[in-house]
Amino acid sequence: MNVTLGVILALSAAFVWALASVLSKVSMREVNPLSLNVIRLLLSALFYVPLVLYIGVPGFSALQWTILVVSGVLGFTLADWFFLEGMNLLGVSRAAILVTVHPIITMFVAHYTLGRPLTLGLLLGALFIVVAVLVIASEGSRGGGINWKGLAYVFSAQLLWTFAVIVTDWLVVGESAFAVIGLRIGFGALASLAFLPRIEDDVRKLNARGWGLVFIITLLGTILGQYFFALALKFAGSSIATPVTESSPIMASIMAVLFLKERFTGRLALALVLTTLGVLLISLYA
């Protein structure tokens with residue numbers, strides 16, 4: 001029952017993340033990726049930190065606090081910023097497909113560090129996703145060449161996310177998932193203050209519509225999405241919850257093609273089919 005609930009929560013996280021990704025692309029027509037990430041983190045911290053203080057701060061050891069702080073900075077301040085930069089360069093659909101390699105790395109690391117299951121079905125699903133990533137990674141941009149800068153941003157983001165997910169999986173055992181994710185976001189927001197001088201002009205340019213859009217992105221992607229995912233980790237573990245959330249790239253790609261009019265190529269279609277098969281296999285055999 002707990003695993004089933006964890007899968008439902010992971011799917012919920014995937015949906016709100018997909019929608020937030022599409023809205024983020026719209027928002028980045030007015031602000032740059034760094035500005036969007038900093039504003040989003042600060043708004044999220046204003047929501048999470050007071051509630052964490054109210055429900056009680058976990059009794060972590062010095063080592064656990066250190067790891068929590070580092071994971072917050074790497075997972076939110078840097079990784080989310082890198083992904084937004086990559087998405088801005090590659091488009092929502094392609095950046096979303098590329099990060100599907102992230103759960104594969106997570107599955108292997110979780111298996112060898114936390115003892116999470118690793119079955120033949122999971123490996124076969126991972127293979128489909130790897131092929132899908134290779135298909136998209138080899139696709140040229142509108143200008144004709146491969147956008148190496150965009151690829152570097154996205155792949156850097158998922159390496160940092162993998163570390164953050166494993167750490168969160170470890171920290172939520174016996175503790176409030178809400179408190180853990182809230183504190184990680186809080187420390188991520190604190191680190192993002194270093195970028196305030198660089199985003200000052202963007203903040204001044206935002207009108208009421210722009211602020212409203214950023215608030216919705218924050219509510220969906222950081223507040224609801226992260227909370228759903230933290231609970232999914234608690235109920236199902238990272239080796240199950242993380243692969244299930246990889247339905248998010250499929251949703252985001254379809255939304256981007258439909259609503260943002262991103263180009264739909266044969267390679268994107270093939271990558272979507274392979275990703276769908278991979279996610280289904282991973283979900284069934286997790």
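Bear in mind the structure is a predicted one, so any value in this text is a computation, not a measurement.
- The side-chain heavy atoms of Leu84 and Tyr153, taken from C-beta on, include no pair separated by under 4.5 Å.
- In terms of heavy-atom proximity, Ala79 sits nearest to Ala157 at O-CB, 3.3 Å.
- Asp202 contributes a side-chain N or O that, together with a main-chain N or O of Asn32, makes up a donor-acceptor pair within less than 3.5 Å.
- Ser192 places a side-chain N or O within 3.5 Å of a backbone atom of Ala189 that can act as its donor or acceptor partner.
- Residue Ala132 comes nearest to Ile97 through the heavy atom pair O-CG2, 4.1 Å, listed as atom of the first residue, atom of the second, then distance.
- Linking ILVMFWY residues whenever their side-chain heavy atoms come closer than 4.5 Å, directly or via other members, places Ile39 and Val49 in the same cluster.
- Considering all non-hydrogen atoms of both residues, Asn37 and Phe76 come closest at ND2-O, 3.2 Å.
- In this structure a side-chain-to-backbone donor-acceptor pair under 3.5 Å is missing from Ser35 to Val31.
- No side-chain donor-acceptor contact under 3.5 Å links Ser93 to the backbone of Ser253.
- Side chain of Ser71 to backbone of Ala164: no donor-acceptor contact under 3.5 angstrom is found.
- Separation of atoms OG1 (Thr276) and CD1 (Ile254) is listed at 7.0 Å; rounding is to 0.5 Å.
- In plain terms, the two heavy atoms of Pro58 and Leu183 that are nearest each other are CD-CD1, 3.6 Å.
- Other residues, nucleotides and ligands contribute at most 12 non-hydrogen atoms within 6.0 Å of the CZ atom of Phe15.
- Annotation: side chain of Ile216 is in contact with side chain of Leu220 (closest heavy-atom distance under 4.5 Å).
- Cluster membership check: Leu11 does not share its hydrophobic cluster with Ile8, using side-chain heavy-atom separations under 4.5 Å among Ile, Leu, Val, Met, Phe, Trp and Tyr.
- No donor-acceptor pair closer than 3.5 Å links the side chain of Tyr48 to the backbone N or O of Ile185.
- The closest side-chain heavy-atom distance from Asn207 to Trp211 is not below 4.5 Å.
- Residue Leu43 holds its CG atom at 10.5 Å from CD1 of Ile217, rounded to the nearest 0.5 Å.
- No donor-acceptor pair under 3.5 Å is formed between the side chain of Glu30 and the backbone N or O of Ser27.
- When ring centroids are compared, Phe195 and Trp81 come within the 6.0 Å threshold.
- Residues Phe83 and Trp161 bring their aromatic ring centres within 6.0 Å.
- Note that the CZ atom of Phe229 and the CG atom of Leu9 stand 11.0 Å from one another [nearest 0.5 Å].
- Put simply, the side chain of Lys25 never gets that close to the backbone of Leu260: no donor and acceptor are under 3.5 Å apart.
- Here the CD1 atom belonging to Ile67 is positioned 11.5 Å from the CG atom belonging to Leu74, to the nearest 0.5 angstrom.
- A single hydrophobic cluster is not seen to contain both Val16 and Phe215; linkage of ILVMFWY side chains at heavy-atom distances under 4.5 Å, directly or through other members, places them apart.
- Residues Leu268 and Val257 meet the side-chain proximity criterion, which asks for heavy atoms closer than 4.5 Å.
- In this structure, CG on Asp80 lies 10.0 Å from CG on Leu160, to the nearest 0.5 angstrom.
- The shortest distance between side-chain heavy atoms of Leu274 and Leu270 falls below 4.5 Å.
- In this model, no donor atom of one side chain and acceptor atom of the other lie less than 3.5 Å apart for Thr218 and Arg40.
- Counting only heavy atoms from C-beta outward, the side chains of Thr77 and Phe82 never approach each other to under 4.5 Å.
- Listed here is the closest heavy atom pair of Gly6 and Ala232: O-CB, 3.3 Å.
- In summary, Lys149 and Glu85 do not engage in a salt bridge, as defined by a charged side-chain N under 4.0 Å from a carboxylate O.
- Residue Gly188 comes nearest to Leu41 through the heavy atom pair O-CD1, 3.8 Å, listed as atom of the first residue, atom of the second, then distance.
- Looking only at side-chain heavy atoms (C-beta outward), Val26 and Val92 stay at 4.5 Å or farther from each other.
- Classified by interplanar angle (parallel below 30°, tilted 30° to 60°, perpendicular above 60°), the ring pair Trp65/Phe187 is perpendicular.
- Atoms CZ and CG, on Phe264 and Leu258 in that order, are 9.5 Å from each other to the nearest 0.5 Å.
- Between the side chain of Trp17 and the main chain of Ser248, no donor-acceptor pair closer than 3.5 Å is present.
- With Ser24 contributing its side chain and Ala20 its backbone, the two residues share a donor-acceptor pair below 3.5 Å.
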Walk me through whether Arg94 and Thr265 qualify under side chain to side chain contact (heavy atoms under 4.5 Å, CB included).
CA-CA 11 Å; Arg94 283 148 185 84; Thr265 63; 3.5 Å; yes
